[in-house]
Amino acid sequence: MDFLPSWLLKINLVDLIFITFTITMVIFSALMNSIEPYLPVSIRQSIRYGKFAYTGKDQDKLVSMMEVPKSWFKHFYLFAAAYSAIAMFLVTFVYLRGMSVPGIVIGFLDLVYGFNRTEKIDSTTTFVAMLLITAQCLRRFYETHFVQIFSAKGKINFSHYMVGYLHYFGTVTAILGAANGFVAGSEVIKPQLTDLSPRHFCSIILFICAWTLQYQSNMILVNMRKGKDGKVVTQKHLMPQGGYFEKVSAPHMYFEILMYVALFGLLYQNVTSLYIVVWVLSNQVHNALMTHKWYQENFKDYPKQRKAIFPNIL
């Protein structure tokens, strides 16, 4: 193993998940945006989903067998809400109530995050980061289960479905994996308000703003399918208007990126947070470009000034 670079030897299962996701997304996104008409139907059908799903008559039978309803998105948000809530419970009781981290938790983190892991994130930062990601998971659980209106015909590939589970599993695990007290032999230091720095406040403000604006953007999409009485009147994909939709085609994806940038601002000392934000960036940009192209192709009067995801840029 001496021929391998030292950074490669330190990669754990969680890092491997996000590195693999990012490389795969970058490659397929580049192919889809450059030579899509020449790609095998199986690849095009696997990558496209929802409103921009592949609808050709020559659909691959094997890929079609691997498609599940888009409404299944709500399943991994149930998992994310439960997993993050359990992690938040542990963090709260360990840091604020003096509870010892159970040995089974230490062993689990060693297994998936590396037996040679070290403490990189202090208790105050860990508590804040876990609180923020838990708030996001709980809100998305609420939206997908009680607010969002899924199209009856919407499909996703089973691989997209599994990515959702792995993403939230990896993100929450990464926060705990290098946290004070959650590494064998590390002494728990109680979080203090005085430990909050300008970096913490900037990250918290950015996250809360993006979190709020993403919810507003999602509600615009939901309300387009409802009448004045609040009842669902259509499951069609209409042209969104209002809010940040006047600037970009996918503001909810833009704000997703900003939330993970905020988390990176808190957790930058843990290299996994870099892998996570790069993965989220590549995934959301790809989906936003596909969404933007679909709107342009299906609405002749689609506003020309709108960008795909970054206002006035892309």
Side-chain angles (χ1 to χ4, degrees), residues 11 13-80 140 143-144 148-171 218 221 235-237 240 248-254 256-257 260 275-299 308-309 314:
I11 290 180
L13 177 60
V14 175
D15 288 349
L16 186 60
I17 288 173
F18 289 112
I19 291 174
T20 302
F21 282 176
T22 303
I23 293 174
T24 302
M25 179 55 65
V26 169
I27 291 175
F28 282 117
S29 180
L31 292 173
M32 290 293 288
N33 285 287
S34 58
I35 58 171
E36 180 182 356
Y38 305 100
L39 294 175
V41 170
S42 58
I43 294 179
R44 299 165 65 186
Q45 188 177 341
S46 297
I47 296 175
R48 288 180 167 274
Y49 69 91
K51 59 177 170 289
F52 45 78
Y54 182 78
T55 56
K57 295 182 179 180
D58 56 340
Q59 294 189 20
D60 186 281
K61 293 183 179 179
L62 179 60
V63 175
S64 296
M65 291 174 60
M66 296 177 62
E67 293 177 338
V68 298
K70 189 180 178 183
S71 60
W72 280 24
F73 269 137
K74 64 176 64 176
H75 296 169
F76 62 70
Y77 282 118
L78 172 61
F79 165 78
R140 290 297 291 141
E143 289 178 349
T144 53
Q148 193 167 344
I149 302 168
F150 291 98
S151 172
K153 297 181 179 180
K155 298 286 185 179
I156 56 173
N157 189 274
F158 188 73
S159 61
H160 295 137
Y161 178 69
M162 291 306 302
V163 163
Y165 284 97
L166 292 172
H167 168 79
Y168 287 104
F169 166 79
T171 300
N218 289 340
L221 292 174
Q235 291 186 349
K236 292 183 178 180
H237 294 284
V248 294
S249 296
H252 47 310
M253 299 177 192
Y254 171 52
E256 183 84 2
I257 292 173
Y260 281 90
Y275 300 149
I276 294 173
V277 75
V278 172
W279 148 245
V280 171
L281 176 66
S282 62
N283 180 50
Q284 298 301 312
V285 168
H286 167 73
N287 288 332
L289 289 174
M290 298 276 281
T291 298
H292 187 63
K293 183 178 180 181
W294 186 89
Y295 281 136
Q296 290 178 322
E297 292 174 346
N298 287 272
F299 298 99
I309 187 166
L314 176 65

- request: Test Leu31 against Leu39 for side-chain contact (heavy atoms from CB on, under 4.5 Å), laying out the working first.
  value: CA-CA 8 Å; Leu31 292 173; Leu39 294 175; 4.0 Å; yes

- prompt: Glu256 and Val280: side-chain contact (heavy atoms from CB on, under 4.5 Å), yes or no, with the steps?
  reply: CA-CA 8 Å; Glu256 183 84 2; Val280 171; 4.2 Å; yes

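The side-chain heavy atoms of Asn283 and Phe21, taken from C-beta on, include no pair separated by under 4.5 Å. With a 4.5 Å cut-off on side-chain heavy atoms, Tyr260 and Leu281 do not count as touching.
Taking both residues in full, the closest heavy atoms of Thr144 and Phe150 are given as O-CE1, 3.6 Å, listed atom of the first, atom of the second, then distance. Listed here is the closest heavy atom pair of Val26 and Ser282: CG2-CB, 4.2 Å. Between Gly170 and Val14, the closest heavy-atom pair is O-CG1, 3.5 Å. The two residues Tyr275 and Thr22 make their nearest non-hydrogen contact at O-OG1, 4.1 Å. Contact between His167 and Trp279 at its shortest, heavy atoms only, is ND1-NE1, 3.1 Å. Of all heavy-atom pairs spanning His237 and Trp294, the tightest one is CB-CH2, 3.5 Å.
Residue Ile309 holds its CD1 atom at 7.5 Å from CG of Leu314, rounded to the nearest 0.5 Å. Separating the CZ atom in Arg140 from the OH atom in Tyr168 is a distance of 6.5 Å, to the nearest 0.5 Å. Remark: Ser64 OG to Gln59 CD distance equals 4.5 Å, nearest 0.5 Å. Atom NE2 in His286 sits 6.0 Å away from atom CE in Met32 (nearest 0.5 Å). How far OG of Ser249 is from CG of Asn287: 13.0 Å, rounded to the nearest 0.5 Å. Interatomic distance, Asn157 CG to Met162 CE, rounded to the nearest 0.5 Å: 12.0 Å.
A donor-acceptor contact closer than 3.5 angstrom links the side chains of Gln296 and His292. Judged purely by distance below 3.5 Å, without hydrogens or angles, the side chains of Gln45 and Asp60 never pair a donor atom with an acceptor atom.
Taking the six-membered ring for Trp and the full ring otherwise, Phe79 and Phe76 have centroids separated by 6.0 Å or more.
Tested against Ser46 for a side chain to side chain contact (heavy atoms under 4.5 Å, CB included), the candidates Val63, Val41, Leu62 yield a single pass: Val63.
Residues meeting the ring pair (Phe, Tyr, Trp, His ring centres under 6.0 Å) test with Phe28, sequence neighbours left out: none. In this view, Gln284 satisfies the side-chain hydrogen bond (donor to acceptor under 3.5 Å, both in side chains) rule with no residue, not counting sequence neighbours.
Ring pair Tyr161/Phe158 is tilted by interplanar angle, where 30° to 60° counts as tilted.
Pairs passing the salt bridge (charged side-chain N to carboxylate O under 4.0 Å, His left out) check and including a residue from residues 23-41, sequence neighbours excluded, read Glu36-Arg44, Glu36-Arg48.
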